[in-house]
Amino acid sequence: MEISLPPEFRYKECLHFLERSPRELLHKVEGEAVYKLVNYEGEKILFKVSSLDSKLIVDFPIAEPSDEIKRKIEHYIIEWFDLDKDLKPFYAMAANDPFLSQLTKQYYGYRIVGQPDLYESLVWAVLGQQINLSFAYTLKQQFVREYGKKLVYADKEYFLFPEPGIVTHLTMEDLLKIKFSRQKARYTIGISEAFLDGTISKEKLKGLSLVDAKEKLMKIKGIGNWTANYALMKTFRYPDAFPLEDAGISNALRTFLKLDRKPTLDEIREVFVKYKGWEAYATLYLWRSL
DNA sequence: CGCCAGGTTAGAG
DNA sequence: CTCTAACATGGC
């Protein structure tokens with residue numbers, strides 16, 4: 001299967017992101033290829049993505065799935081790499097910006113590699129709250145290894161993110177054992193319950209305005225402005241989602257503004273006024289600078 | 001050892 | 001409404 005690519009796309013830039021943690025279990029990078037396991041109606045599908053001549057090549061190492069499943073995987077990959085987004089307006093805006101002009105030139109074609117699964121996105125964001133990214137990956141690794149479904153193929157393991165129905169049955173103690181804080185454990189179980197009882201779902205939020213979707217997400221304990229915007233950026237692809245309180249944004253701007261302290265939230269807002277409509281992509285490129 | 005980390009909440013003022 | 005302590009542990 002082949003997926004055509006927009007001109008403003010560089011596979012290698014996205015690959016760089018996918019390779020950032022050796023503790024990642026939800027995909028596997030081997031050379032230029034990415035392997036990922038997905039679940040469709042209980043059926044586990046392993047696929048392999050690589051790139052050739054401005055196309056993505058998708059293979060199925062275990063078995064060729066039905067045409068219907070193939071269409072779903074194609075859609076999944078388009079979402080995953082944000083291929084439907086036209087980045088021309090963003091690059092036009094960034095070209096005149098003192099900070100972004102250099103970054104968008106240097107990392108041209110880098111896109112937000114997302115999380116099509118809203119539940120995964122929210123739980124992952126909670127895991128990342130207030131701790132360093134490296135430790136967040138340790139928590140996720142243990143969580144996925146312990147409670148996610150697994151497929152073994154050619155002596156290698158491929159994992160799915162744990163499902164809400166499994167996580168709601170976990171106790172605080174189960175999660176404390178894998179180094180979650182009480183707070184993270186409570187939030188994780190709470191979010192799982194919200195998914196299980198239908199309080200939130202990707203379908204329910206689809207099509208809402210950024211403000212409305214954010215408001216609905218933030219009703220759930222553990223989801224504040226940063227987490228809500230993170231998910232809106234990674235799952236729903238709002239180009240103007242803006243995780244204002246992010247420590248990475250703070251650090252990047254501290255460098256660009258040549259401050260000897262962290263910038264205040266108002267100073268960050270002031271910089272981002274220029275990026276209106278493209279806050280998510282401005283954030284991505286600032287993160288990339290770190 | 002000390003400071004900070006891809007924050008959020010509850011409670012005080 | 002705004003401000004702050006508590007959360008908890010690893011990375012550097």
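Each chain gets a letter, A, B and so on, in the order its sequence line appears, and its residues count up from 1. Here the structure is a predicted model, which is why all the values come from computation and not from measurement.
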Participant: When you check the gap from the basic side-chain N to the acidic O, do A:E146 and A:K177 get nearer than 4.0 Å?
Facilitator: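 A:K177 and A:E146: not salt-bridged.
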Participant: For A:D97, is there an ion pair with A:K274 - N to carboxylate O distance below 4.0 angstrom?
Facilitator: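 Salt bridge: yes.
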Participant: One thing to verify: whether A:E13 and A:R111 come together as a salt bridge, which I'm taking to mean a side-chain N less than 4.0 angstrom from a carboxylate O.
Facilitator: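 Looking at A:R111 and A:E13, the cut-off is not met.
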Participant: Going by an N to O cut-off under 4.0 Å, is there a salt bridge joining A:K70 and A:E64?
Facilitator: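 Salt bridge flag = yes for A:E64 with A:K70.
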Participant: Between A:E267 and A:R261 (salt bridge meaning N to carboxylate O under 4.0 Å), is one present in this structure?
Facilitator: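 Salt bridge present between A:E267 and A:R261.
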Participant: Write down the distance between OH (A:Y187) and P (B:dA10), rounded to a whole number of angstrom.
Facilitator: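 Result: 7 Å.
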Participant: Just the rounded figure in Å: distance from C1' of B:dA5 to CD of A:Q183.
Facilitator: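 From A:Q183 CD to B:dA5 C1': 14 Å.
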Participant: Where along residues 255-277 of chain A does a heavy atom come under 4.0 Å from DNA chain C, residue by residue in number order?
Facilitator: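 Nucleic-acid contacts, sorted: none.
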Participant: Using a cut-off of 4.0 Å on non-hydrogen atoms, how would the nucleic acid contact of A:L127 be classed: base, sugar-phosphate, or nothing?
Facilitator: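 Nothing: the residue A:L127, judged by heavy atoms under 4.0 Å, touches no strand.
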Participant: Could you list the donor-acceptor pairs under 3.5 angstrom formed between side-chain atoms of residues 211-226 of chain A and any protein atom two or more places apart in sequence or on another chain?
Facilitator:
residue	atom	partner	partner atom	Å
A:D212	OD2	A:S209	OG	3.3
A:N225	OD1	A:N229	ND2	3.0
A:N225	ND2	A:E245	OE1	3.0
A:N225	ND2	A:E245	OE2	3.2
A:W226	NE1	A:D246	OD1	3.0

Participant: Regarding A:E32 and A:S51, is there a side-chain donor-to-acceptor distance under 3.5 Å anywhere?
Facilitator: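 No, no side-chain donor-acceptor pair sits under 3.5 Å.
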Participant: For A:R254, report the nucleic acid contact type (base, sugar-phosphate, nothing); a contact means any heavy atom under 4.0 Å.
Facilitator: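 Nothing: the residue A:R254, judged by heavy atoms under 4.0 Å, touches no strand.
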Participant: Given that A:G222 and A:F17 both sit by DNA chain B, which one's nearest nucleotide is further toward the 5' end?
Facilitator: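 Residue closer to the 5' terminus by nearest nucleotide: A:F17.
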Participant: CD of A:Q130 versus C1' of B:dC3: gap in Å, rounded?
Facilitator: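 Atom CD in A:Q130 sits about 12 Å away from atom C1' in B:dC3.
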Participant: When you list every nucleotide of DNA chain C with an atom under 4.0 Å from a heavy atom of chain A, which one comes first 5' to 3', and which comes last?
Facilitator: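 Both ends considered, the range comes out as C:dC7 to C:dG11.
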Participant: What's the CH2-C1' distance between A:W124 and B:dG7, to the nearest Å?
Facilitator: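 Distance, rounded to whole Å: 14 Å.
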Participant: Could you tell me whether A:Q129 contacts a base, only the sugar-phosphate backbone, or nothing, with contacts defined as non-hydrogen atoms closer than 4.0 Å?
Facilitator: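 If one applies the 4.0 Å heavy-atom cut-off, A:Q129 turns out to touch the sugar-phosphate alone, with no base involved.
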Participant: Can a salt bridge be assigned to the pair A:E79 and A:K72 using a cut-off of 4.0 Å between side-chain N and carboxylate O?
Facilitator: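 So A:E79 does not pair with A:K72 through a salt bridge.
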Participant: Please classify the nucleic acid contact of A:I223 as base, sugar-phosphate, or nothing, using heavy-atom distances under 4.0 Å.
Facilitator: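 Contact class for A:I223: sugar-phosphate only.
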Participant: A:E245 near the nucleic acid: base, sugar-phosphate alone, or nothing, with a heavy-atom cut-off under 4.0 Å?
Facilitator: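 If one applies the 4.0 Å heavy-atom cut-off, A:E245 turns out to touch the sugar-phosphate alone, with no base involved.
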Participant: State plainly whether the residues A:K156 and A:E30 are in salt-bridge range, i.e. N to O under 4.0 Å.
Facilitator: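 The answer is yes: the pair qualifies as a salt bridge.
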Participant: Can you measure A:N225 atom CG to B:dT8 atom P for me and round it to whole angstrom units?
Facilitator: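 Interatomic distance, CG of A:N225 to P of B:dT8: 7 Å.
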Participant: Whole angstroms only, please: what is the CD1-P distance between A:I131 and B:dT8?
Facilitator: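 So the two atoms are 13 Å apart, to the nearest Å.
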Participant: Apply side-chain hydrogen bond (donor to acceptor under 3.5 Å, both in side chains) to A:R23 and A:S134, showing your working.
Facilitator: CA-CA 9 Å; A:R23 300 194 191 87; A:S134 177; 3.3 Å; yes
Participant: Using a 4.0 Å heavy-atom cut-off, does A:T227 contact any base of the nucleic acid, only the sugar-phosphate backbone, or nothing at all?
Facilitator: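 Touches sugar-phosphate only.
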Participant: I'd like the P distance from B:dG11 over to C:dA8, given in whole Å.
Facilitator: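 It comes out at 15 Å once rounded to the nearest Å.
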Participant: Regarding A:K221, tell me which of base, sugar-phosphate or nothing describes its non-hydrogen contacts under 4.0 Å with the strands shown.
Facilitator: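 Contact class for A:K221: sugar-phosphate only.
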Participant: Taking the nucleotide of DNA chain C with the closest heavy atom to each, which residue, A:N132 or A:K184, is nearer the 5' end?
Facilitator: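 Checking each residue's closest nucleotide, the 5'-ward one belongs to A:K184.
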Participant: Without decimals, in angstroms, what is the distance between A:D246 CG and B:dT8 P?
Facilitator: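 In whole Å, B:dT8 P and A:D246 CG are 10 Å from each other.
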Participant: Taking CG from A:N251 and C1' from B:dC3, how many angstroms apart are they, rounded to a whole number?
Facilitator: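 So the two atoms are 13 Å apart, to the nearest Å.
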